[in-house]
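Following: one structure in structure tokens, then a few remarks.
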Amino acid sequence: MDWSVEQDAALKAVKDWLKGRHPQVFRLFGFAGTGKTTLARHVAEGIDGDVCFGAFTGKAAMVMRQKGCEGATTIHSMIYRPRRKSAEDEEEETFSFAINHQSDVSKAKLIVIDECSMVDEELGRDLLSFGKPTLVLGDPAQLPPIKGGGFFTEAEPDVMLTEVHRQAADNPIVRMSMDIREGRPLEIGHYGQSSVIRRRDIDAERILAADQVLVGLNRTRHGYNKRIRELRGYTSPHPEVGEKLVCLRNDKSKGLQNGGIFRVNRRKEPKGGYLKYDVAPDEAGTRARIHVSVLPDFFEGKEGDLSWQMRRSSDEFDYGYALTVHKAQGSQWDDVVLFDEAFAFREHRDRWLYTGVTRAAETLTVVV
DNA sequence: GCTCACCA
């Protein structure tokens with residue numbers, strides 16, 4: 001591996017920290033596409049002993065595994081175990097979890113956490129209670145957790161990577177992301193394959209051609225999902241063969257990640273009030289066929305009325321044509337249409353827009 | 001114009 005000057009200096013700083021074993025946390029921050037995960041994997045390969053890889057969301061953990069971080073899991077499954085509640089509590093929602101002191105973390109030489117801007121204070125503290133050296137990777141310009149603030153990203157980085165390798169340095173998407181970070185507004189115009197256009201200038205063709213449509217508000221998401229389904233000629237209120245779904249809850253045993261995008265391969269006979277489908281991850285080269293049972297309420301916007309017992313009995317999916325930027329955090333697509341709803345996120349508006357823009361790898365259309 | 005959401 002050929003490292004850049006910046007990456008080489010980062011590696012050296014991390015290795016010095018590992019030798020000294022102090023302080024407990026090393027913050028290796030960097031903008032999207034600067035090679036943080038690749039560096040961390042390299043560091044891990046040089047460790048004599050076990051390394052635990054983790055991320056806040058199931059989706060981010062899966063991306064980590066795809067990048068070669070073996071056995072990456074959610075931080076939750078890494079450090080917690082279920083705690084049994086007494087029988088008289090059973091009427092209540094009594095899911096409770098305790099720190100698992102037998103966790104692999106307790107034997108590890110190093111913990112590596114990716115997308116650490118999503119980790120809130122409670123989870124961060126519990127993770128550090130194991131006392132292990134913890135290398136946290138993240139982008140401080142991305143969205144913080146909704147509650148508790150960014151536990152790791154509130155402090156200054158030990159190393160900040162700024163050279164983007166994912167795209168060419170003159171890529172307009174990189175330029176736009178820098179503009180937002182530095183407080184400059186996006187100007188209407190065409191920039192290579194990408195563009196910033198007004199709402200009245202977006203056409204159905206552009207939206208249907210995109211790999212992913214991103215919005216800010218759930219209300220908008222529902223509206224666009226409905227509209228895109230109509231444009232694609234789907235008429236059933238429930239998913240048909242070929243439709244794009246987003247998974248809304250992890251199920252490790254089935255290979256389902258919250259935030260993962262799936263396609264309906266087969267629609268089966270509904271049973272006991274559940275819709276039955278075979279779905280597959282929406283990626284090239286995957287043969288996986290996953291059987292799912294979903295309550296129709298999820299596609300009718302009525303899932304909020306379900307009891308938690310009913311909800312737990314169902315796999316959770318919704319239409320995946322449009323996603324919120326919050327849900328898309330940690331994912332990436334070649335061609336993205338982003339509807340700018342930054343106004344709704346007040347003091348985080350720049351972070352919202354930056355996170356949305358950096359979800360695109362090749363082509364981005366921002367609709368303002 | 002005026003909110004997003006995670007895990008066991």
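Basis for what follows: all heavy atoms, side chains included, without hydrogens, waters or symmetry-related copies.
Within the 4.0 Å cut-off from OP1 or OP2 of B:dT3, not a single side-chain nitrogen or oxygen of A:Thr324 is found. For A:Lys327, a side-chain nitrogen or oxygen approaches OP1 or OP2 of B:dC6 to under 4.0 Å. For the OP1/OP2 pair of B:dC7 and a distance below 4.0 Å, the side-chain nitrogens and oxygens of A:Ser77 include no atom meeting the criterion. Within the structure, a side-chain polar atom (N or O) of A:Asn258 is placed less than 4.0 Å from OP1 or OP2 of B:dC7. Contact between the side-chain N/O atoms of A:Asn218 and the OP1/OP2 oxygens of B:dT3 is not found at any separation under 4.0 Å.
Note on A:Phe56: a base of the nucleic acid sits closer than 4.0 angstrom, heavy atoms only. Residue-level contact check: A:Leu217 touches the backbone only, with heavy atoms under 4.0 Å from sugar-phosphate atoms and none from bases.
Here A:Asp16 pairs with A:Lys12 in a salt bridge; the nearest charged N to carboxylate O distance falls below 4.0 Å. A salt bridge links A:Lys254 with A:Asp315: at least one charged nitrogen is closer than 4.0 Å to a carboxylate oxygen. Under 4.0 Å is where a charged nitrogen must lie from a carboxylate oxygen, and between A:Lys109 and A:Asp48 no such pair does. Between A:Arg229 and A:Glu243 there is a salt bridge, with a side-chain nitrogen of the basic residue lying less than 4.0 Å from a carboxylate oxygen of the acidic one.
Computed from coordinates, the A:Leu323 CG to B:dC4 C1' distance equals 13 Å when rounded to whole Å. The CG-C1' distance, from A:Asp340 to B:dG1, rounds to 11 Å in whole Å. If you take CD of A:Glu341 and P of B:dT3, they are 11 Å apart, rounded to a whole angstrom. A:Lys147 places its NZ atom 14 Å from the P atom of B:dC4, with the value rounded to the nearest Å. Whole-Å rounding puts the A:Lys59 NZ to B:dA5 C1' distance at 16 Å. Distance, A:Gln257 CD to B:dC7 P: 10 Å, rounded to whole Å. One atom, CE of A:Met118, and another, C1' of B:dA5, lie 9 Å apart when rounded to the nearest Å. Rounded to an integer number of Å, the gap from CD of A:Glu316 to P of B:dC7 is 11 Å.
Taking for each of A:His76 and A:Arg199 the nucleotide of DNA chain B with the nearest heavy atom, the 5'-most of the two is the partner of A:Arg199.
When hydrophobic side chains of Ile, Leu, Val, Met, Phe, Trp and Tyr are connected at separations under 4.5 Å, A:Val164 ends up clustered with A:Val174, A:Met178.
Within residues 342-350 of chain A, the residues having any heavy atom closer than 4.0 Å to DNA chain B are, in order of number, A:Phe343, A:Ala344, A:Phe345, A:Arg346.
The distance between the ring centers of A:Phe339 and A:Tyr224 falls below 6.0 angstrom.
When each of B:dC4, B:dC2, B:dA8 is scored by its nearest atom to the side-chain atoms of A:Arg219, the top-ranked nucleotide is B:dC2. Out of B:dC4, B:dC2, B:dA8, the shortest distance to the side chain of A:Asn250 is found at B:dA8.
Applying the ring-ring contact (aromatic ring centres under 6.0 Å, His included) test to residues at least two apart or on different chains, the pairs with a partner in residues 14-40 of chain A are A:Trp17-A:Phe26.
Where stacking is scored as ring centres under 5.5 Å apart with planes under 30°, A:Phe97 registers as stacked on the base of B:dA8.
Between the side chains of A:Thr57 and A:Glu115, no donor N or O sits under 3.5 Å from an acceptor N or O.
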